[in-house]
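Quick note: numbers below take in every heavy atom, side chains included, and nothing from hydrogens, waters or symmetry partners. Note that ligands are numbered from 1 as they come in the structure, with each ligand's atoms numbered from 1 the same way.
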Amino acid sequence: MNIENLTICTAAEGLRKRAFSSVELTQGILDAIQQKDGPINAYLTVDAEGALKQAAAADAARSAGLDNDLLGIPIAIKDIINVEGQPCTCASKMLEGYVSPYDATVAARLRSAGAVFAGRTNMDEFAMGSSTENSAFKQTCNPHDLSRVPGGSSGGSAAAVAAGTALAALGTDTGGSIRQPASFCGCVGLKPSYGRVSRYGVTAYASSLDQVGPMTKTVEDAAILLQALAGVDAHDGTTSPVEVPDYRAALAGGLKGLRIGLPKEYFIEGTDPEVMVHIRKAIDDCAKAGAEIVDISLPHTEYATAVYYIIATAEASANLARFDGVRYGHRTAAPESVFDLYAKSRAEGFGTEVKRRIILGTYVLSSGYYDAYYGRAQKARTLIRQDFTNAFKQCDVLLTPVAPTAAYKRGEATDDPLKMYLGDIFTVPANLGGLCALSVPCGMTHDRLPVGLQILGPAFGETMLLRVGAAYERLRV
Ligand code: GLN
């Protein structure tokens with residue numbers, strides 16, 4: 001068993017053939033974490049005992065005749081998703097020591113499929129950031145170059161998959177947090193359409209934008225995980241009753257006859273020319289494989305980053321109000337008054353970036369500024385959505401870069417939050433539009449850093465995304 005190269009698919013095959021048991025597979029992952037995670041720091045916590053118990057149960061279930069693609073497969077989980085009996089810190093001092101009393105719906109679904117939860121991955125505090133440098137606990141390094149960031153906020157999940165210390169992982173994406181770290185680390189990341197996957201039990205950052213999704217080594221693995229995660233949930237009223245199709249069946253479709261749109265607003269000055277070379281090559285390869293290339297305009301793209309950072313921070317300021325040392329979270333040791341209790345608990349519990357966003361979000365919602373900022377941002381969001389609706393009348397998917405650069409050096413962007421925000425330019429529109437989006441590796445820079453290609457599809461168009469992603473992946477091997 002070569003743990004490093006195993007995918008969900010090949011591991012499932014090994015389990016089916018009895019080449020190894022889930023206990024052996026899980027032990028292999030635990031050993032890999034122990035041997036390799038030291039310098040990478042992808043994991044915040046590892047639950048060896050719990051994982052081996054789950055693995056033994058999966059082996060017993062298989063012996064009793066049960067089978068499915070996730071039975072006995074270890075999956076790494078971002079530390080923002082509640083898993084019963086495990087910590088869920090959101091990489092914040094605010095939630096240090098908290099142990100979840102229940103499963104998020106996504107965790108419950110993986111659990112009932114027989115998946116194994118070996119460890120919890122590092123992230124930017126409360127998913128706010130693009131480099132995982134905002135974690136209160138650890139600095140995760142990019143496995144391709146330890147001096148560089150893994151991206152964020154799901155940087156731990158991406159780094160674990162890329163390092164081979166996880167077969168696959170779950171991340172969350174509010175403005176790019178699955179796709180951008182997948183791009184920086186060279187793995188596949190899928191942000192499902194808003195409403196496709198339940199958010200119940202996932203600590204909320206910005207509720208109208210958040211989605212959970214798979215981070216994997218292959219597009220097929222992403223399809224397998226999405227199949228298990230997707231679907232309506234009585235605990236989350238924003239999940240959609242739209243039927244869940246057979247995602248794996250979509251993988252064989254190919255590119256012939258598909259219309260691929262290139263939005264001109266995503267092919268602009270400022271993107272690293274080396275990144276562009278790989279994106280252009282990917283587009284050429286798709287055209288050669290029979291796709292028709294269509295020029296598209298999404299005229300309101302220039303407002304997307306500003307709109308995102310108004311709406312996301314506004315929602316965050318409301319969502320994070322519950323962490324006050326009384327209802328949830330860290331409580332200060334010796335408060336002098338009730339006000340002091342709230343103020344000190346929050347001052348001690350939250351990190352700088354989270355505080356910045358709470359202040360920003362409170363400001364854009366405050367009377368006198370609400371109409372000028374939050375109200376206008378909502379109107380602009382509608383225009384951005386309409387741009388996509390119009391675009392998908394002319395094409396099946398859009399191809400763009402995931403990020404303007406490959407992974408940058410640790411520390412390079414930490415003292416300039418605006419610079420960091422601007423790096424989200426290509427990923428935030430999909431969240432504002434409720435679309436689905438996939439990041440697939442499309443090349444390496446001269447410094448041996450991965451570059452990701454973004455495939456955008458209409459809401460609930462995951463089958464089309466997976467079809468294009470899988471076809472492109474086949475072209476590359
Ligand atoms: N980088 C973006 C932000 O900091 C997106 C984060 C995310 O998707 N959770 O808000």
Exercise for the section: Using non-hydrogen atoms of the residue, decide whether Y309 is closer than 4.0 angstrom to ligand 1. Expected result: yes
Practice task
Examine distances only and state if a side-chain atom of S177 and a backbone atom of S153 form a donor-acceptor pair shorter than 3.5 Å.
Solution key: yes
Handout entry: atom 2 (C) of ligand 1: the protein heavy-atom neighbour that sits closest, reported with distance to 0.1 Å
Key = D424 OD2, 3.2 Å
Exercise for the section: Report the relative orientation of the aromatic rings in F392 and F388; use parallel for angles under 30°, tilted for 30 to 60°, perpendicular for over 60°. Expected result: parallel
Exercise for the section: State the atoms of ligand 1, each with its element, that fall below the 4.0 Å cut-off from a heavy-atom position in A127. Expected result: 6 (C), 7 (C), 9 (N)
Fill in the blank from the handout: ligand 1 atoms nearer than 4.0 angstrom to some heavy atom of G129 are 1 (N), 2 (C), 3 (C), 4 (O), 6 (C)
Practice task
Could you label the plane-to-plane angle of the Y373 and Y363 rings as parallel, tilted or perpendicular, counting under 30° as parallel and over 60° as perpendicular?
Solution key: tilted
Practice task
May I ask you to list the atoms of ligand 1 that are less than 4.0 angstrom from any heavy atom of D173?
Solution key: 8 (O)
Practice task
Note the single closest protein heavy atom to atom 7 (C) of ligand 1, along with its residue, its atom name and the distance in Å.
Solution key: S177 OG, 2.4 Å
Practice task
Please identify which atoms of ligand 1 are closer than 4.0 Å to at least one heavy atom of Y205.
Solution key: 3 (C), 9 (N), 10 (O)
Practice task
Heavy atoms only: give me the nearest L95-G329 pair and the separation to one decimal.
Solution key: CD2-CA, 4.5 Å
Exercise for the section: Select one of side chain, backbone, both or neither to describe which atoms of R357 lie under 4.0 Å from any atom of ligand 1, heavy atoms only. Expected result: side chain
Problem - Qualifying residue for side-chain hydrogen bond (donor to acceptor under 3.5 Å, both in side chains) with S135, from N122, D79, D124, T89 - result: N122
Practice task
Answer with side chain, backbone, both or neither: which part of S153 has a heavy atom less than 4.0 angstrom from an atom of ligand 1?
Solution key: side chain
Handout entry: Residue part near ligand 1, for T174, under 4.0 Å between non-hydrogen atoms
Key = both
Exercise for the section: State, with a plain yes or no, whether a side-chain heavy atom of L70 is found less than 4.5 Å away from one of L225. Expected result: yes
Problem - Those atoms of ligand 1 less than 4.0 Å from some heavy atom in Y308 - result: 2 (C), 3 (C), 5 (C), 6 (C), 10 (O)
Practice task
Could you tell me whether E84 and R111 make a salt bridge, using a distance below 4.0 angstrom between a side-chain N and a carboxylate O?
Solution key: no
